[in-house]
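Notes follow once the structure below has been shown.
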Amino acid sequence: MNRKTTLLIGAGIGLAAIMAGALYVSSVQTKGSKPGPVTKPPITNPGTPSVKTVPLRTVDLASAPMEVQAAARALQTSRVAYAIKSAGQTYVIISTGRNGEMIAASTASAQPSAANPRFVDVMVQPNTGGSRLLVLALPIGQDAEYQVNLGGKTAAIPTLYNQHGLALVELNETTGFALVHPSANVAVQGDILFLEGYARVFESTFNAKLISAKGRVLAEAQVKAAAGAPNWGSFTTAMKLTERPTEATLVLFDEMSGAKLTIPVRFAGK
């Protein structure tokens, strides 16, 4: 083999190595930047350089923006936290439910910085002079992941991730599911059954089946919610019917957690 051939082979091997390295770095960066809900934001001690205290204030519900008032009223019977942006700041609605603890706001911290947060951690404390429904205003206009902690118990109040812009409904703590559509009073049109709602299930994935009165499976789907337990995540999906009955039963279930919801579904006349 002459010297020229040897140099060409060596150059080819070097170029291949450089390209492989570039592809590897690109794949790592892509995986690391994948968006999605974070159910446990890695908030650390507020004294560390990467975590900054965020000023917060308790807002009287009557003086809050109308969309904040509507969200608070929809969630006041549920044990949940929900963040909503309005007029350049973020309002965090915290409810401990019908029979929950009376609470008051304590602190809020942000990571990596208060000016440009990716994660925001809000701490509330039991307080006999507090309320079961808190509305807090934070000077944050950017999108961020929120977690609310009650006392020293991590994720004591689940966070509601509403990434599909769905209407807010009462969240049923005993089933792990809350449907926005279909409802018992609506007759489904056409051959597609659209599902919208919230789930609190293991790894955010569950199954849906539509079953006829004779036990036939008319449609089924695996559904992915915006977040997994212990948090609530919104979901939407469409199920194609193999046949169109007058009535059927919709079953949502998660085998890992045992969560299940069964409702009757009516269909409009053919």
Side-chain angles (χ1 to χ4, degrees), residues 27-44 74-75 78-84 92-97 100 111 117-122 143-150 152-182 192-211 217-240 249-263 265:
S27 67
V28 170
Q29 289 176 340
T30 301
K31 289 178 182 177
S33 62
K34 184 179 179 181
V38 179
T39 57
K40 277 194 176 182
I43 293 295
T44 55
L75 297 172
S78 307
R79 184 179 179 86
V80 71
Y82 178 65
I84 179 171
V92 178
I93 300 163
I94 304 169
S95 172
T96 61
Q111 182 177 300
R118 184 179 175 192
F119 306 107
V120 177
D121 195 43
V122 180
D143 289 325
E145 303 288 357
Y146 291 83
Q147 176 173 290
V148 175
N149 300 319
L150 176 59
K153 297 179 288 185
T154 302
I157 298 179
T159 302
L160 171 62
Y161 290 90
N162 187 3
Q163 295 183 349
H164 297 85
L166 302 183
L168 298 181
V169 294
E170 183 174 347
L171 304 175
N172 192 327
E173 297 291 329
T174 61
T175 67
F177 297 104
L179 272 179
V180 174
H181 180 81
I192 302 292
L193 176 61
F194 293 97
L195 302 184
E196 297 181 336
Y198 303 93
R200 186 172 65 169
V201 295
F202 180 73
E203 293 188 345
S204 71
T205 302
F206 64 94
N207 295 292
K209 285 186 178 182
L210 184 70
I211 303 172
V217 176
L218 306 178
E220 59 184 322
Q222 187 175 73
V223 187
K224 183 82 171 176
N231 294 322
W232 286 88
S234 60
F235 66 84
T236 63
T237 194
M239 301 171 66
K240 174 68 175 177
T249 300
L250 176 65
V251 182
L252 309 181
F253 62 97
D254 171 35
E255 293 179 347
M256 295 298 295
S257 65
K260 186 175 183 179
L261 176 65
T262 302
I263 67 164
V265 177

Nearest-0.5 Å distance that lies between atom [atom1] in [X] and atom [atom2] in [Y]:
X	Y	atom1	atom2	answer
Leu195	Thr237	CG	OG1	6.5 Å
Leu160	Tyr146	CG	OH	14.0 Å
Leu252	Thr175	CG	OG1	8.5 Å
Ile211	Leu218	CD1	CG	8.5 Å
Leu261	Phe253	CG	CZ	12.0 Å
Leu179	Phe235	CG	CZ	5.0 Å

[X] versus [Y]: any side-chain heavy-atom pair under 4.5 Å?
X	Y	value
Thr236	Leu166	yes
Lys240	Ile192	yes
Ile94	Val122	yes

Return the minimal non-hydrogen interatomic distance between [X] and [Y], and the atom names on each side.
X	Y	answer
Trp232	Ala178	CZ3-N, 4.2 Å
Val201	Gly176	CG1-O, 4.4 Å
Gly233	Ala225	O-CB, 3.6 Å

Next on the checklist: Side chains of Asn162 and Tyr198: any donor to acceptor distance under 3.5 Å?
Outcome noted: yes
Checklist entry - What pairs of residues pass the salt bridge (Lys or Arg N to Asp or Glu O under 4.0 Å) test when at least one of them lies in residues 160-175, not counting sequence neighbours? => result Arg98-Glu170, Glu173-Arg200
Taking distance alone, no hydrogens or angles, what donor-acceptor pairs closer than 3.5 Å link side-chain atoms of residues 203-210 to residues at least two apart or in another chain?
{"residue": "Ser204", "atom": "OG", "partner": "Lys224", "partner atom": "NZ", "Å": "3.0"}
{"residue": "Thr205", "atom": "OG1", "partner": "Glu203", "partner atom": "O", "Å": "3.3"}

Next on the checklist: Check whether Asp254 reaches the backbone of Ala259 with its side chain - one donor and one acceptor, N or O, closer than 3.5 Å.
Outcome noted: no
Checklist entry - Do any N or O atoms from the side chain of Ser78 and from the backbone of Val80 form a donor-acceptor pair under 3.5 angstrom? => result no
Next on the checklist: Between Thr262 and Leu250, does the side-chain contact (heavy atoms from CB on, under 4.5 Å) criterion hold? Intermediate values first, please.
Outcome noted: CA-CA 6 Å; Thr262 302; Leu250 176 65; over 6 Å; no
Non-neighbouring partners of [X] that pass side chain to side chain donor-acceptor pair (under 3.5 Å), sequence neighbours left out:
X	result
Ser234	His164
His181	none
Tyr82	none
Thr249	none

Item to check | Worked verdict on Ile157 versus Asn149 for side-chain contact (heavy atoms from CB on, under 4.5 Å) | outcome: CA-CA 6 Å; Ile157 298 179; Asn149 300 319; over 6 Å; no
Item to check | Derivation and outcome, side-chain contact (heavy atoms from CB on, under 4.5 Å), residues Arg79 and Leu150 | outcome: CA-CA 12 Å; Arg79 184 179 179 86; Leu150 176 59; 3.8 Å; yes
Next on the checklist: Before you tell me yes or no, could you show the steps for Val92 and Val148 under side-chain contact (heavy atoms from CB on, under 4.5 Å), namely the whole-Å CA-CA distance, both residues' side-chain angles and the distance that decides it to 0.1 Å?
Outcome noted: CA-CA 9 Å; Val92 178; Val148 175; 4.3 Å; yes
